[in-house]
Number of protein chains: 2
Amino acid sequence: MGRQMTEMLKGTLEGIILAILALQPAYGYEITARLRDEGFAEIAEGTVYALLVRIEQRGLVDVERVPSEKGPPRKVYSLNAAGREQLDEFWRTWSFLAARITQLHDHIETRGERP
Amino acid sequence: MGRQMTEMLKGTLEGIILAILALQPAYGYEITARLRDEGFAEIAEGTVYALLVRIEQRGLVDVERVPSEKGPPRKVYSLNAAGREQLDEFWRTWSFLAARITQLHDHIETRGERP
DNA sequence: ACTACTACATAGTATCGCTGACTACCGCGA
DNA sequence: TCGCGGTAGTCAGCGATACTATGTAGTAGT
């Protein structure tokens, strides 16, 4: 993936996954598929699993093992109260950042960088 | 600063500074002040200087030493062609990411996470 | 038996921003 | 005269993150 996107995902990818879990509980493999549907095509499986381990250890999700029809049992993650709180903070932080950056972008467009 | 914001700035702070330099050339100390004006109050000076070293090493800026009336000489950075190219890519990446995340946010709001 | 898909896990790497300290120059007021 | 505050830049060490690459297994279809 591009260096730019890789760095920009830091901090946001966690929020993105929390947001996906907020829509409905899901397991790792499913989340990677969901990410592809949402347009994040280039995010590797390993990345998602590592992140799920982290958010589980932080206690942001509840986990349930569910036998799968195909392959090994699934670890289904669902957002708990702490996770929803964290997601809220993610949106707050994101909104702040997005607002500032949009503002910067407008500054450049109006003041005209390249004539 | 908050962990969340710290992580989210990764990758974007560089773009933000390139954007500021696109408005007009500036030196380090001035940039930290500009950041404060733009709403990024909590960004440490050391962070800005370190970032400037990086973008200089990547050849995204031209540097000119200008004597200051107060204190040591200033290093005035101005965006060069490579820097503008990088800034363009920043905007592209940012737009992509912002669009996906906004879309995710809308999904949650319309489908209703909490009844 | 072989292949493909599903499903999860982990070790190692690179990058990034933060903290905290330090050097150095200037002008002003006590 | 001395110290203080503002200006200006530098650096080492740290923690967190996402990526790459690889490995482990179970099931289904041929």
Side-chain angles (χ1 to χ4, degrees), chain A residues 1-18 25-36 40-58 60-61 63-77 86 90 93 97, chain B residues 1-18 25-36 40-58 60-61 63-77 86 90 93 97:
Chain A
M1 200 180 320
R3 185 191 70 85
Q4 189 100 57
M5 181 60 87
T6 292
E7 291 307 322
M8 220 177 273
L9 278 175
K10 291 187 180 178
T12 58
L13 186 53
E14 179 184 303
I16 289 168
I17 290 191
L18 291 179
Y27 53 96
Y29 193 82
E30 186 184 8
I31 291 173
T32 65
R34 204 77 72 78
L35 283 171
R36 256 175 242 118
F40 300 101
E42 297 184 275
I43 293 174
E45 270 189 59
T47 302
V48 175
Y49 284 114
L51 210 156
L52 286 172
V53 168
R54 272 209 302 278
I55 67 177
E56 182 185 352
Q57 280 172 348
R58 285 206 200 126
L60 306 178
V61 286
V63 185
E64 192 189 357
R65 287 200 103 90
V66 177
S68 165
E69 306 132 15
K70 299 187 164 195
R74 297 163 172 169
K75 281 179 75 176
V76 175
Y77 297 88
Q86 178 72 14
F90 168 73
T93 309
L97 191 58
Chain B
M1 200 182 319
R3 186 191 69 87
Q4 188 103 55
M5 181 60 87
T6 292
E7 292 307 321
M8 223 179 271
L9 279 175
K10 292 191 180 178
T12 59
L13 186 53
E14 179 186 302
I16 289 168
I17 290 191
L18 291 179
Y27 53 97
Y29 194 82
E30 187 185 7
I31 291 173
T32 64
R34 207 77 72 78
L35 282 172
R36 257 175 241 117
F40 300 101
E42 297 183 274
I43 292 175
E45 271 188 56
T47 301
V48 175
Y49 285 115
L51 212 155
L52 287 172
V53 168
R54 272 209 302 278
I55 69 178
E56 182 185 352
Q57 281 173 346
R58 287 206 196 125
L60 305 179
V61 286
V63 185
E64 193 188 357
R65 287 202 102 91
V66 177
S68 166
E69 306 135 14
K70 300 190 164 193
R74 298 165 172 168
K75 282 178 75 174
V76 175
Y77 298 89
Q86 179 71 16
F90 168 72
T93 309
L97 192 59

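The nucleotide whose nearest atom lies closest to any side-chain atom of R74(A) is, among dG9(D), dA7(C), dT19(C), dA7(C). Distance from the side chain of E7(B) is smallest to dT17(D) among dT20(D), dT17(D), dA8(D). Counting only heavy atoms from C-beta on, P72(A) has its side chain closest to dG26(D) among dT10(D), dG26(D), dC16(C).
Summary of the strand contacts: P73(A) and V48(A) both lie near DNA chain D, and taking for each the nucleotide with the nearest heavy atom, the more 5' one is attributed to V48(A). Map G71(B) and E42(B) each onto its nearest nucleotide of DNA chain C; the residue landing nearer the 5' end is E42(B). When each of L13(A) and S68(A) is assigned the nucleotide of DNA chain D with its nearest heavy atom, L13(A) is the one assigned upstream, toward the 5' end.
Side-chain N/O atoms of Y29(A) include one lying less than 4.0 angstrom from OP1 or OP2 on dT6(C). OP1 and OP2 of dA16(D) both lie 4.0 Å or more from every side-chain N or O belonging to R58(A). Distances shorter than 4.0 Å separate none of the side-chain N or O atoms of R3(B) from OP1 or OP2 on dC18(C). For dA7(C), neither phosphate oxygen OP1 nor OP2 lies less than 4.0 angstrom from any side-chain nitrogen or oxygen of Y49(A).
Distance, R54(A) CZ to dT10(C) C1': 13 Å, rounded to whole Å. What separates CG of L9(B) from P of dT19(C) is a distance of 11 Å, to the nearest Å. Here dA4(C) presents its C1' atom at 10 Å from NZ of K70(A), a figure rounded to the nearest Å. Nucleotide dT19(C) holds its C1' atom 11 Å from the CE atom of M1(B), rounded to whole Å. In this entry the distance linking CD of Q57(B) with P of dT15(C) reads 12 Å, nearest Å. When rounded to the nearest whole Å, the span between CD of E45(A) and P of dC5(C) equals 12 Å. Here the P atom of nucleotide dC18(C) and the CD atom of Q4(B) are 14 Å apart, to the nearest Å. At whole-Å resolution of the value, CD in E14(A) and C1' in dA18(D) are 12 Å apart.
L52(B) comes within 4.0 angstrom of no nucleic acid atom, judged by non-hydrogen atoms across all strands. Within 4.0 Å (heavy atoms only), T6(A) reaches sugar-phosphate atoms of the nucleic acid but no base atom. Using a 4.0 Å heavy-atom cutoff across all strands shown, G46(A) reaches at least one base atom of the nucleic acid.
At distances below 3.5 Å, not a single donor-acceptor pair connects side-chain atoms of Y77(B) with backbone N or O atoms of L18(B). In this structure, the side chain of T47(A) does not engage the main chain of I43(A) through any donor-acceptor pair within 3.5 Å.
Salt bridge annotation for E64(A)-K75(A): absent, with no cationic side-chain nitrogen under 4.0 angstrom from a carboxylate oxygen. Between E30(A) and R34(A) there is a salt bridge, since at least one side-chain N of the basic residue sits less than 4.0 Å from a carboxylate O of the acidic one.
Within 3.5 Å, a donor on the side chain of K10(A) pairs with an acceptor on the base of dT17(D), or the reverse.
A heavy-atom distance below 4.5 Å is found between the side chains of I55(A) and L52(A).
Residues E14(A) and Q86(A) have side chains that bring a donor and an acceptor to within less than 3.5 angstrom of each other.
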